[in-house]
Student: 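Input: one structure, supplied below.
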Protein chains: 2
Amino acid sequence: MSTRRNSKANKNQPTMHDVARVAGVSQMTVSRVMRGAGYISRTVREQVNNAAREIGYVHNRLAGGISSYDNPLVGVVLPTLQNRVFTEVLSGINETLNTAGLRPVFGVSEYSQSAEEELVFDLLSWRPRGLILPGLEHNESVRRIVEQTGVRVAEIMDVDGEPMTASFGVSHVDAGREMATHLLERGYRTFGYIASQGGHDLRATKRFEAFASQVRDAGGQLIAQRMSNEPSSMVAGRQLTMEVLAHPDRPDAIYYANDDLAAGGLMHCLSHGVDVPGQVAIAGFNGLGFLSALPMKITTTQTPRYEIGVSAAEWISTPLDSPAEKLIERLETEILFGETT
Amino acid sequence: MSTRRNSKANKNQPTMHDVARVAGVSQMTVSRVMRGAGYISRTVREQVNNAAREIGYVHNRLAGGISSYDNPLVGVVLPTLQNRVFTEVLSGINETLNTAGLRPVFGVSEYSQSAEEELVFDLLSWRPRGLILPGLEHNESVRRIVEQTGVRVAEIMDVDGEPMTASFGVSHVDAGREMATHLLERGYRTFGYIASQGGHDLRATKRFEAFASQVRDAGGQLIAQRMSNEPSSMVAGRQLTMEVLAHPDRPDAIYYANDDLAAGGLMHCLSHGVDVPGQVAIAGFNGLGFLSALPMKITTTQTPRYEIGVSAAEWISTPLDSPAEKLIERLETEILFGETT
DNA sequence: CTGAAAGCGCTAACAT
DNA sequence: ATGTTAGCGCTTTCAG
């Protein structure tokens, strides 16, 4: 006769009861062995594990989560997968969660707040132990449901603003200002700015605004700006740089929203005999690893991307005891002085 | 009085019962509205949705999954997040699943079969609708549990072998052979090979073996091989190329395990006045977008990374009706003839 | 079109 | 160190 108790034709997967029957113990004992909870004698544990292996039992956490409320899932939202920056953050998140026995469930918002909203509801339906969201800007609906459900949220990448509960990132305002200061000190007076993502990257915007205001305060001028609607890439940077330099009124220096764009700019200059930094200086943002393989070291701001992922994931992993106190974890950036400025 | 029924202090989240009470309908009706199942009158649907919004109810899919056996999660395993190739595949997977209302839960195996095994068990504990695994090589334990649970598995990247149920990818054997043929036709006779990941990238190994055997068959020679244990990167490629070219017996051409390494090699040559392809030819693999921003077009094999993700995810999304028939979906590669060969 | 009853597979809480 | 009992929040099934 069949040993299955499942009335539905649907599935025929073994349950803890089946394991218990084979191992000759109670179902509760199987549960304890599976979770590594409570004290179980060596012999029983082995019987149970063998029985489980034999019949191909896999722990069912859906059922577990529903009764325990302690669910090892973490919802992760990223703005894009097209940019190394976020996959490095994801890498930090994933490794840290993995170590803590937690698992990421994730979605990509494509820099859209309404897509983010949908994602947040969807992720919340898995009753995650926490949520990791990009940036500090979210729509009202997201704020409301976060408040109502009381889910722990780590807002990452940015610390220039008020987090819902905790933020982990860098100050883009300071980074933009510092780069402006550096370029001004070097004697550059007229500037270009090249960005991508059609302005949806709010952190790039923060950097740029701080950069621009610092430039103006020092009597410098912003004389060229180009923005692509595409995701950032070397190809886009190369194209936009060509456009900026084609103009009769060339800037002394170009600030790029990130390293990919800056590297593309450098490639344009190298291919067209434009002297860097003699005719035009180049500055990027992030300090991506591939820069050090380029023919010239690009000046950029080093950001701790992996570490941002790690610190956010660690906070989510921590057994919550701290009350509602807000946490702002600011990680530091640093200008890498290259040969392009 | 409190409207909560939850005896545990644990959580105090509203349930369908709470929504039902507020909306003045039965809990079952709420369930139908949430899932968009069955026929619900317009009025009732709106009442329910309003009530849900008002009290901040979020659908609980853990509870749903346990009774319905139809779970919108898909387990995804990637070998690494350090390589654009896989984040592009992930991008295709994610977008496709998203469209189908499915959600990825994922883990990274770091090219280790035992890490993969752990991951597979962990992912299976969420009773996913399917699994996406890299490559065709898996350990016995993975094969057993896949068979026992009957979970749908899409093996991606590679079609040179027998899948458990379905594979989506390219032929690395053919790709390696084709590149060898191309280089031989160009007149190159002595070859170098540069790789990374310490040989754990089994697909790179398949390419290389096909490449090497083709070279030997044509009377060519493989005179230099370097392999880094690091993840692949331009920096590693630059370094290894320097090492290969420092040797008195220089190869006519270097085949790289991928474009990052090849681009690093090109950068070395450009920076050191090594004539490409006059002194040494360069060939990569993948056709990553950034190649077109480099000063010289590198010859490479174009691979459909995003599409591999899409086709695997589509197969997982499809309501299963097809029997146990094996599926091998071979996507095509194509040599991009550049200026470096 | 809507509702009531009966579980889904597991864990918490309380025995023993 | 192990077992019993009573749900967790939802969906299935069967009524109406």
Side-chain angles (χ1 to χ4, degrees), chain A residues 3-21 23-48 51-52 55-72 124-127 149, chain B residues 3-21 23-48 51-52 55-72 124-127 149:
Chain A
T3 45
R4 282 297 95 71
R5 81 274 71 114
N6 199 329
S7 58
K8 311 194 177 64
N10 235 322
K11 278 288 168 186
N12 220 28
Q13 303 269 20
T15 70
M16 284 188 175
H17 264 111
D18 301 315
V19 178
R21 197 173 309 132
V25 299
S26 77
Q27 176 265 349
M28 193 59 229
T29 298
V30 177
S31 172
R32 291 197 176 98
V33 172
M34 287 301 163
R35 287 176 292 147
Y39 294 84
I40 303 286
S41 72
R42 237 183 161 305
T43 5
V44 170
R45 190 200 319 285
E46 279 168 12
Q47 276 167 35
V48 169
I55 69 177
Y57 173 76
V58 179
H59 194 183
N60 184 338
R61 304 214 203 206
L62 294 175
I66 197 193
S67 27
S68 80
Y69 286 99
D70 183 20
N71 188 319
L124 247 19
S125 78
W126 298 105
R127 295 295 185 269
T149 58
Chain B
T3 45
R4 281 300 94 70
R5 81 272 72 112
N6 199 328
S7 59
K8 309 192 179 63
N10 234 323
K11 279 288 169 184
N12 220 27
Q13 302 270 16
T15 69
M16 284 188 177
H17 264 112
D18 301 314
V19 177
R21 199 173 307 132
V25 298
S26 77
Q27 175 265 348
M28 193 56 230
T29 298
V30 177
S31 171
R32 291 198 176 99
V33 172
M34 288 300 163
R35 287 176 293 145
Y39 295 84
I40 302 286
S41 72
R42 236 184 162 304
T43 3
V44 171
R45 191 202 316 287
E46 279 169 13
Q47 277 167 33
V48 169
I55 68 177
Y57 173 76
V58 179
H59 194 184
N60 184 337
R61 306 213 201 207
L62 294 176
I66 195 193
S67 25
S68 82
Y69 285 100
D70 182 21
N71 188 319
L124 247 20
S125 77
W126 299 105
R127 296 295 185 268
T149 59

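Labels below follow one simple rule: chain letters A, B, ... track the order of the sequence lines, proteins then strands, and each chain is numbered from 1.
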Student: Over all heavy atoms of both residues, which pair between A:Q13 and B:T149 is shortest? Give the atoms and the distance, please.
Tutor: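 Closest heavy-atom pair between A:Q13 and B:T149: NE2-O, 3.2 Å.
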Student: A:W126 vs A:N71, test: side chain to side chain contact (heavy atoms under 4.5 Å, CB included). Steps then yes/no.
Tutor: CA-CA 9 Å; A:W126 298 105; A:N71 188 319; 5.6 Å; no
Student: With respect to the side chain of B:T29, which nucleotide from C:dT11, C:dG3, D:dG3 is positioned closest?
Tutor: C:dG3
Student: For B:Q47 and C:dG3, give me the distance from atom CD to atom P, rounded to whole Å.
Tutor: 10 Å
Student: CZ/B:R61 to CG/B:D70 distance, rounded to the nearest 0.5 angstrom?
Tutor: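 So the CZ of B:R61 and the CG of B:D70 are separated by 10.5 Å.
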Student: Please state how far atom CZ in B:R127 lies from atom C1' in C:dC10, giving the value in whole angstrom units.
Tutor: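 Whole-Å distance recorded here is 11 Å.
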Student: Working note: A:S31 + A:M34, criterion side chain to side chain contact (heavy atoms under 4.5 Å, CB included); need CA distance, chi angles, decisive distance, verdict.
Tutor: CA-CA 5 Å; A:S31 172; A:M34 287 301 163; 5.8 Å; no
Student: Drop me the distance from B:H17's NE2 to B:Q27's CD, to the nearest 0.5 angstrom.
Tutor: 5.0 Å
Student: Rounded to the nearest 0.5 Å, how far apart are CG of B:N60 and CD1 of B:I66?
Tutor: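 Those atoms lie 10.0 Å apart.
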Student: Could you state the interatomic distance from OG (B:S125) to NE2 (A:H59), rounded to the nearest 0.5 Å?
Tutor: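 It is 7.0 Å, given to the nearest 0.5 Å.
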Student: Which atom pairs link the protein and nucleotides 14-16 of chain C when you take only N or O atoms and keep those under 3.5 Å?
Tutor:
none

Student: In whole angstrom, what separates A:L62's CG from C:dG7's C1'?
Tutor: 16 Å
Student: Can you work out whether B:A63 or B:V25 has the more 5'-proximal nearest nucleotide on DNA chain C?
Tutor: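 Nearest-nucleotide comparison on DNA chain C picks B:V25.
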Student: If you assign B:N60 and A:M28 each to the DNA chain D nucleotide with the nearest heavy atom, which residue ends up on the more 5' nucleotide?
Tutor: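 Comparing both residues, the 5'-ward one is A:M28.
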Student: Send over the distance from B:Q27 CD to D:dT11 C1', rounded to a whole Å.
Tutor: 8 Å
Student: By nearest atom, which of the nucleotides C:dC10, D:dG9, D:dT12 is closest to the B:S68 side chain?
Tutor: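 Minimum distance to the B:S68 side chain belongs to D:dT12.
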Student: Between B:I66 (CD1) and C:dG9 (C1'), how many Å, whole number?
Tutor: 4 Å
Student: Is any side-chain N or O of B:H59 closer than 4.0 Å to OP1 or OP2 of D:dT11?
Tutor: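 So the side chain of B:H59 is within the cut-off, an N or O lying under 4.0 Å from OP1 or OP2 of D:dT11.
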Student: Within this structure, what is the CG-to-P distance between B:D70 and D:dT13, rounded to whole angstrom?
Tutor: 13 Å
Student: Think A:S26 has a side-chain N or O under 4.0 angstrom from the OP1 or OP2 of D:dG3?
Tutor: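 A:S26 to D:dG3 OP1/OP2: side-chain N or O found under 4.0 Å.
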Student: Working note: A:V48 + A:R32, criterion side chain to side chain contact (heavy atoms under 4.5 Å, CB included); need CA distance, chi angles, decisive distance, verdict.
Tutor: CA-CA 10 Å; A:V48 169; A:R32 291 197 176 98; over 6 Å; no
Student: Near DNA chain C, which residues from residues 39-46 of chain A have a heavy atom under 4.0 Å away?
Tutor: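 Heavy-atom contacts with DNA chain C come from no residue of residues 39-46 of chain A; none.
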Student: Over how many whole Å does the gap from B:M16 atom CE to C:dA5 atom P extend?
Tutor: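 In whole Å, C:dA5 P and B:M16 CE are 19 Å from each other.
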Student: At under 4.0 Å, does any side-chain N or O of B:S31 touch on OP1 or OP2 of D:dT11?
Tutor: yes
Student: Side-chain donor-acceptor pairs under 3.5 Å in residues 38-45 of chain B, sequence neighbours left out?
Tutor:
unit_1	atom_1	unit_2	atom_2	d
B:S41	OG	B:V44	N	3.3
B:R42	NH1	B:E46	OE2	2.5
B:R45	NH2	B:I40	O	3.2

Student: What integer distance in Å separates A:H17:NE2 from C:dC10:P?
Tutor: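 Rounded to whole Å, this separation is 9 Å.
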Student: Which distance, rounded to the nearest 0.5 Å, do you find between the CZ of A:R21 and the OG of A:S26?
Tutor: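 Here the interatomic distance stands at 13.0 Å.
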